Amino acid sequence: QVQLRESGGGSVQAGGSLTLSCLASTHTVEIDCKAWFRQAPGKERDGVAAIYHDGRTYYADSVKGRFTISRDDNENTVSLQMNSLKAEDTAVYYCAAGPWCKSTAVTSTAGYSYWGQGTQVTVSS
């Protein structure tokens, strides 16, 4: 069983930056695809960004050009650098992982086997 732990959440003013990090308990092909999802109150859990072990990335249209996902398999981590934050970015952010990234990597939760507990990101106007 793979366990994921997020860190780095907090409050920031609109236009600011924040970096989230997710640590996996082990390295395995079961988590070759790593991703970030977010869920605002009363909303569905939506994909933000995903990255495959070969470096291929996937981004939701709403964050392209502002967020950057990266991974360091030596440290078993995946990070999300968030710049130019907007009020609509406010949500609980979840780390997710699964065996592979597909075209639905940021449009569906179906392919992910493991989830972190979530970390709150609040962007104030």
Side-chain angles (χ1 to χ4, degrees):
Q1 182 77 8
V2 177
Q3 296 186 32
L4 306 176
R5 186 182 70 206
E6 303 97 335
S7 62
S11 298
V12 64
Q13 291 291 109
S17 299
L18 202 62
T19 300
L20 306 181
S21 183
C22 172
L23 175 66
S25 60
T26 187
H27 181 66
T28 170
V29 293
E30 292 291 324
I31 55 172
D32 276 347
C33 182
K34 296 182 177 181
W36 289 94
F37 282 71
R38 65 187 181 185
Q39 187 168 21
K43 304 293 184 180
E44 294 294 311
R45 187 171 298 187
D46 295 325
V48 176
I51 184 168
Y52 198 45
H53 69 86
D54 64 358
R56 179 177 295 187
T57 56
Y58 308 79
Y59 292 97
D61 289 340
S62 60
V63 306
K64 287 181 179 177
R66 298 190 299 123
F67 292 9
T68 302
I69 188 170
S70 61
R71 64 190 290 161
D72 185 338
D73 288 335
N74 291 323
E75 298 184 355
N76 291 337
T77 59
V78 59
S79 297
L80 184 69
Q81 175 66 51
M82 304 183 291
N83 297 323
S84 301
L85 284 162
K86 305 174 180 179
E88 53 261 43
D89 294 319
T90 295
V92 175
Y93 283 69
Y94 297 89
C95 180
W100 56 78
C101 291
K102 297 183 177 181
S103 60
T104 55
V106 294
T107 58
S108 174
T109 62
Y112 298 96
S113 304
Y114 309 101
W115 294 87
Q117 79 286 352
T119 185
Q120 177 70 46
V121 171
T122 301
V123 183
S124 301
S125 299

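It should be emphasised that the depicted structure is a prediction, and the values quoted were computed from it without experimental measurement.
A pairwise comparison of heavy atoms in Arg56 and Asp54 identifies N-OD1, 3.0 Å as the closest pair.
Annotation: ring pair (Phe, Tyr, Trp, His ring centres under 6.0 Å) contacts of Phe37 (sequence neighbours excluded): Tyr112, Trp115. With sequence neighbours left out, the salt bridge (charged side-chain N to carboxylate O under 4.0 Å, His left out) criterion links Asp72 to no other residue. Applying the side chain to side chain donor-acceptor pair (under 3.5 Å) criterion to Gln120, with sequence neighbours excluded, gives Thr122. In this structure, the side chain to side chain contact (heavy atoms under 4.5 Å, CB included) partners of Ser108, at least two apart in sequence or on a different chain, are Thr104, Ala110.
Applying the salt bridge (Lys or Arg N to Asp or Glu O under 4.0 Å) rule to pairs touching residues 79-105 yields Arg38-Asp89, Arg66-Asp89, sequence neighbours excluded. Pairs of residues two or more places apart, or lying in two chains, never qualify as ring pair (Phe, Tyr, Trp, His ring centres under 6.0 Å) while including a residue from residues 45-99. Sequence neighbours left out, the pairs with a member in residues 24-54 that pass disulfide bond (SG atoms under 2.5 Å apart) are Cys33-Cys101. For residues 23-34, no pair satisfies side chain to side chain donor-acceptor pair (under 3.5 Å), with sequence neighbours left out.
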List the atom pairs, with distances to 0.1 Å, where a side-chain N or O of residues 5-20 and a protein N or O form a donor-acceptor pair under 3.5 Å, not counting sequence neighbours.
| unit_1 | atom_1 | unit_2 | atom_2 | d |
| --- | --- | --- | --- | --- |
| Glu6 | OE1 | Gln117 | N | 3.0 |
| Glu6 | OE1 | Gln117 | NE2 | 3.2 |
| Glu6 | OE1 | Gly118 | N | 3.0 |
| Glu6 | OE2 | Cys95 | N | 2.8 |
| Glu6 | OE2 | Gly118 | N | 3.1 |
| Ser17 | OG | Asn83 | OD1 | 2.8 |
| Thr19 | OG1 | Gln81 | OE1 | 2.4 |
| Thr19 | OG1 | Gln81 | NE2 | 3.4 |

Please tabulate, one pair per line, all N/O donor-acceptor pairs under 3.5 Å involving side-chain atoms of residues 39-50, not counting sequence neighbours.
| unit_1 | atom_1 | unit_2 | atom_2 | d |
| --- | --- | --- | --- | --- |
| Gln39 | OE1 | Arg45 | NE | 3.4 |
| Gln39 | OE1 | Arg45 | NH2 | 3.4 |
| Gln39 | NE2 | Lys43 | O | 3.0 |

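By the rule that hydrophobic residues join a cluster once side-chain heavy atoms approach within less than 4.5 Å of another member, Ile69 and Val106 end up as members of separate clusters.
Cluster note: Ile31 groups with Val2, Leu4, Tyr114 through ILVMFWY side-chain heavy atoms spaced under 4.5 Å, whether in direct contact or through intervening members.
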Side chain to side chain contact (heavy atoms under 4.5 Å, CB included) between Ile51 and Val78, worked out: CA-CA 9 Å; Ile51 184 168; Val78 59; 4.0 Å; yes

